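Contents: one structure, followed by commentary.
We name chains A, B, ... by the order of the sequence lines, and we start the count at 1 in each one. What you see is a predicted model; the values in this text were computed from it and never measured.
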Number of protein chains: 2
Amino acid sequence: MRDWEERFTSFLKARGLTFTRERKTILEAIFATHDHFDVDSLHEDLKKRGERISVATIYRLIPLLVESGMIRQAVSRAGHPTYEHLFGHLPHHHLICVRCGRVAEFREERIEKILDGVCEREGFSPIEYRLGVRAVCSTCRREEKK
Amino acid sequence: MRDWEERFTSFLKARGLTFTRERKTILEAIFATHDHFDVDSLHEDLKKRGERISVATIYRLIPLLVESGMIRQAVSRAGHPTYEHLFGHLPHHHLICVRCGRVAEFREERIEKILDGVCEREGFSPIEYRLGVRAVCSTCRREEKK
DNA sequence: ATTGCGATTGTTAATCAATCGCAATATACG
DNA sequence: CGTATATTGCGATTGATTAACAATCGCAAT
């Protein structure tokens with residue numbers, strides 16, 4: 001059994017909820033890639049897999065996944081929430097191309113150190129650092145020159 | 001004439017648009033404080049000032065303000081876009097209390113230096129760095145202890 | 001295997017913010 | 001002034017999310 005499966009099952013059990021076929025199927029789709037997703041892309045994914053799961057079920061599952069720490073809301077340029085799963089992912093930040101929407105990830109511990117200091121100075125206890133760099137990627141930059 | 005007024009007027013003129021009484025009134029409300037705002041809070045503000053401007057007008061103005069660089073979308077914990085104006089504001093980042101929603105601002109040039117390096121490494125041309133620290137503020141931490 | 005109960009599901013209807021279409025006004029400019 | 005164009009507010013519309021509900025499912029105790 002994959003670790004995410006085990007972890008989510010026990011999260012559900014602790015609340016008297018059940019790990020159904022639908023929930024398992026949705027999780028499989030989520031963990032099949034490291035791509036960011038939203039309700040719609042996930043629904044499409046499921047269709048491609050020949051699954052007919054209603055969007056309502058997806059909407060209902062997402063808060064549970066967030067609470068259990070399986071996924072989190074990601075940065076994006078879209079006007080609606082997108083998510084990313086948190087297994088096999090170290091904490092990281094994002095470079096977002098404002099033209100094509102491509103997202104690259106990076107990690108920089110020096111920044112976290114600095115931010116720890118900022119939080120202390122301001123009297124905040126940090127939970128999470130979210131860093132999004134809006135930029136233009138090399139491909140789009142070449143395009144623009146034309 | 002305030003600089004934001006002049007700047008927005010010329011932006012509009014360059015596009016054959018006009019600086020109307022409504023647009024001026026909305027801008028005044030926006031620049032009257034340094035608080036973040038959304039369409040609804042702005043509409044409320046205008047009501048308090050005795051102005052009856054429809055939300056549609058606000059919705060139509062916002063993209064113009066963003067394009068002209070007068071405001072930008074801000075980080076927030078709300079599920080819909082919020083904005084902040086960019087006059088008399090140095091570039092800065094946000095500490096957001098996840099309990100009470102309080103936002104504190106800070107500035108850290110060391111971080112920008114590091115990010116310049118990251119962008120170069122990844123082949124991105126940076127436009128803007130957005131850093132949001134999700135945290136619990138000192139007041140809320142005291143509350144939680146009880 | 002069966003039962004019973006609460007959780008879960010898909011469908012449909014309701015909600016809500018955001019956008020659009022249009023007729024009435026306002027504005028710029030000759 | 002008078003015309004052309006931009007702007008406004010209203011109300012209708014859209015699209016995404018949530019709620020209500022009746023039918024089914026999962027699971028633990030028979």
Whole angstroms only, please: what is the CD1-C1' distance between A/I62 and C/dT9?
16 Å

Can you name the residues that form a side chain to side chain contact (heavy atoms under 4.5 Å, CB included) with A/R110, not counting sequence neighbours?
A/E108, B/I114

Side chain to side chain contact (heavy atoms under 4.5 Å, CB included) involving A/H92 - partner list, sequence neighbours excluded:
A/R72, A/E84, A/H89, A/H94, A/E105

What residues, two or more places apart in sequence or in another chain, satisfy side chain to side chain contact (heavy atoms under 4.5 Å, CB included) together with B/T139?
B/C137, B/R142

Which side-chain N or O atoms in residues 46-65 of chain A pair as donor and acceptor under 3.5 Å with protein atoms at least two apart or in another chain?
from: A/E51; atom 1: OE1; to: A/R21; atom 2: NH1; distance (Å): 3.3
from: A/S54; atom 1: OG; to: A/A56; atom 2: N; distance (Å): 3.0
from: A/S54; atom 1: OG; to: A/T57; atom 2: N; distance (Å): 3.4

Rounded distance in Å - CG (B/L42) to P (C/dA17)
15 Å

Dot-bracket for DNA chain D, please. Rules: Watson-Crick or G-U, both distances under 3.5 Å, ( ) within the strand, [ ] when a pair crosses earlier ones, | for another strand, . otherwise.
||||||||||||||||||||||||||||||

Interface with DNA chain D, restricted to residues 43-58 of chain B and to heavy atoms under 4.0 Å:
B/R52, B/I53, B/S54, B/A56, B/T57

Integer-rounded Å distance: C/dT8 C1' and A/L64 CG:
11 Å

Quickly work out the A/L61 CG to C/dT8 C1' distance and round it to whole Å.
11 Å

5'-most to 3'-most nt of DNA chain D touching chain B (<4.0 Å, heavy-atom partner on protein side) reads D/dA6 to D/dC10

Has the side chain of B/R7 got a donor or acceptor atom that lies under 3.5 Å from a matching backbone atom of B/G69?
yes

NZ/NE/NH1/NH2 to OD/OE distance under 4.0 Å, A/R107 and A/E112:
yes

Please round to the nearest 0.5 Å and tell me the distance separating atom CZ of A/R130 and atom CG of B/L131.
11.5 Å

For B/E22, all residues meeting salt bridge (Lys or Arg N to Asp or Glu O under 4.0 Å), sequence neighbours excluded:
none

Residues forming a side chain to side chain contact (heavy atoms under 4.5 Å, CB included) with B/S41, sequence neighbours excluded
B/F37, B/D38

Would you find a donor on one side and an acceptor on the other, under 3.5 Å apart, between the side chain of B/R134 and the backbone of A/P126?
no

What pairs of nitrogen or oxygen atoms, one from the protein and one from nucleotides 27-30 of chain C, lie under 3.5 Å apart?
none

Within 6.0 Å of CD in B/E120, more than 12 heavy atoms from elsewhere
no

With sequence neighbours excluded, give me every ring pair (Phe, Tyr, Trp, His ring centres under 6.0 Å) pair touching residues 95-115 of chain B.
B/H93-B/F106

Output all residues satisfying salt bridge (Lys or Arg N to Asp or Glu O under 4.0 Å) with B/K13, sequence neighbours left out; order by chain, then residue number.
none

How long is the line joining OH of A/Y59 and C1' of C/dG10, in whole Å?
15 Å

